[in-house]
Amino acid sequence: MELDDIDTVGVVGAGQMGAGIAQVAAVAGYRVVLRDVDERLVADGFESIEESLARVVDRGDLDRAAADEVRDRITGTTKLDALADAEVVVEAVTEDLDVKQSVFADLAATCDPETVLATNTSTLSITGIASVVDRPERVVGLHFMNPVPVMAGVEVVVGEHTSAETVGLAHEFAAALGKETWEADDKPGFVVNRVLLPWINEGIRAYDEGVAERDDVDRGLRLGTNVPMGPLELADHIGLDVVLDASETLRAELGDRYRPAYLLKRKVEAGDLGKKTGAGFYEYD
Ligand code: CAA
């Protein structure tokens, strides 16, 4: 498979990440099939794409007519076999190995044997996900960052059996979506979450243990290290449940240095998951 052979991109999972991936693929000119398990979730995905495209139009990066064309290049579906013609499929379903393996087994049965099967997993093993696929050399990690339409980079993750051809195509495909790439071996957390999760948890502990007020922890990191968001606001942006779950996954593999902060667990228990629920470390309208 060559980059020029790609015409249709399948995306499995129409949540925040899947919708963002579908959007950038459609902006790049690909036909996109966006699949989720029920109509409501597909509709939510389209709503999030519409909102994001409206921001891109407001910024002047796309005119309204072009945004409408982008929208029209995306087809929503609840049927997995609608992805049969895709040359590349990116999976962005929930971070659960059983669920992802079941999606990959279905994709392997549905798609052409040459179709590249990418996973957007942030912490699970690419090799473990690929183990249910007949040709695991075509399985690769394409780890997009949130918000997908804004973030410049994508992490390409190489599993035990991923072929050099698939890795090369993953870099080229991400570049075709306007993203820069870096490469990571299939080790827990890859590069970004391996480094980011302890940083976030330590920021939460610094606040919880009274080193500084909430706002000063974030201001300190923002002004002191030139990042756009401090650890508490970034945790709210990612979702506290996602941060907790990813921290637990890495702790199981890498030990106690990934222990989630106590206050993170308490917020999740309280149902305060960050921006998406209206409250986390901060309050949102
Ligand atoms: N779609 C399209 N455009 C968007 C957007 C979206 N979903 N979200 C924000 N934007 C645009 C806005 O329209 C705005 O454009 P202008 O500057 O031209 O007006 C621009 O992005 C900035 O947005 P805002 O003014 O609303 O807010 P901001 O300046 O605070 O930026 C942010 C928001 C882009 C999220 C920025 O704060 C940021 O980059 N934060 C860090 C995000 C980050 O680190 N993400 C990675 C998380 S880790 C991860 O994803 C991996 C994992 O596995 C957990």
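In listed order, ligands and their atoms are each counted from 1.
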Listing, residues 237-247 side-chain donor-acceptor contacts under 3.5 Å, not counting sequence neighbours, or none:
{"unit_1": "His237", "atom_1": "NE2", "unit_2": "Asn146", "atom_2": "O", "d": "3.0"}
{"unit_1": "Asp241", "atom_1": "OD1", "unit_2": "Lys276", "atom_2": "NZ", "d": "2.8"}
{"unit_1": "Asp241", "atom_1": "OD2", "unit_2": "Lys276", "atom_2": "NZ", "d": "3.2"}
{"unit_1": "Ser247", "atom_1": "OG", "unit_2": "Asn201", "atom_2": "ND2", "d": "3.1"}
{"unit_1": "Ser247", "atom_1": "OG", "unit_2": "Val243", "atom_2": "O", "d": "2.7"}

* Asked: Which is it for Glu95 and Thr121 under the side chain to side chain donor-acceptor pair (under 3.5 Å) test, yes or no, and what are the steps along the way?
  -> CA-CA 7 Å; Glu95 282 288 285; Thr121 186; 3.0 Å; yes
* **Closest to atom 7 (N) of ligand 1 (judged by heavy-atom distance), picking from Gly20, Ala19, Pro147** => Pro147
* Thr166 side chain to Arg138 side chain, donor-acceptor N/O pair below 3.5 angstrom -> no
* **Atoms in ligand 1 with a heavy atom of Ser122 nearer than 4.0 Å** => 53 (O)
* To do: Mind telling me whether Phe281 and Tyr207 have parallel, tilted or perpendicular rings, with 30° and 60° as the class edges?
  => perpendicular
* Per atom 4 (C) of ligand 1, closest listed option by heavy atom (Leu234, Asn193, Val150) -> Val150
* Asked: So is His143 close enough to ligand 1, meaning a heavy atom under 4.0 angstrom away?
  -> yes
* Asked: Relative to the heavy atoms of Leu196, which atoms of ligand 1 are at a distance of less than 4.0 Å?
  -> 48 (S)
* Structural part of Met145 in contact with ligand 1, heavy atom criterion under 4.0 angstrom -> both
* Asked: Protein heavy atom under 4.0 angstrom of atom 22 (C) of ligand 1, is there one?
  -> no
* Asked: Would you say ligand 1 has an N or O under 3.5 Å from any N or O of Asn146?
  -> yes
* Given side chain to side chain donor-acceptor pair (under 3.5 Å), test Tyr282 with Asp272 step by step and report yes or no. => CA-CA 10 Å; Tyr282 294 83; Asp272 293 336; over 6 Å; no
* Asked: Can you list the ligand 1 atoms lying under 4.0 Å from a non-hydrogen atom of Met229?
  -> 35 (C), 37 (O), 40 (N), 41 (C)
* Asked: Where on Met151 is there a heavy atom closer than 4.0 Å to ligand 1, on the side chain, on the backbone, on both, or on neither?
  -> side chain
* **Polar contact flag for Ser52 and ligand 1 (N/O pairs, less than 3.5 Å)** => yes
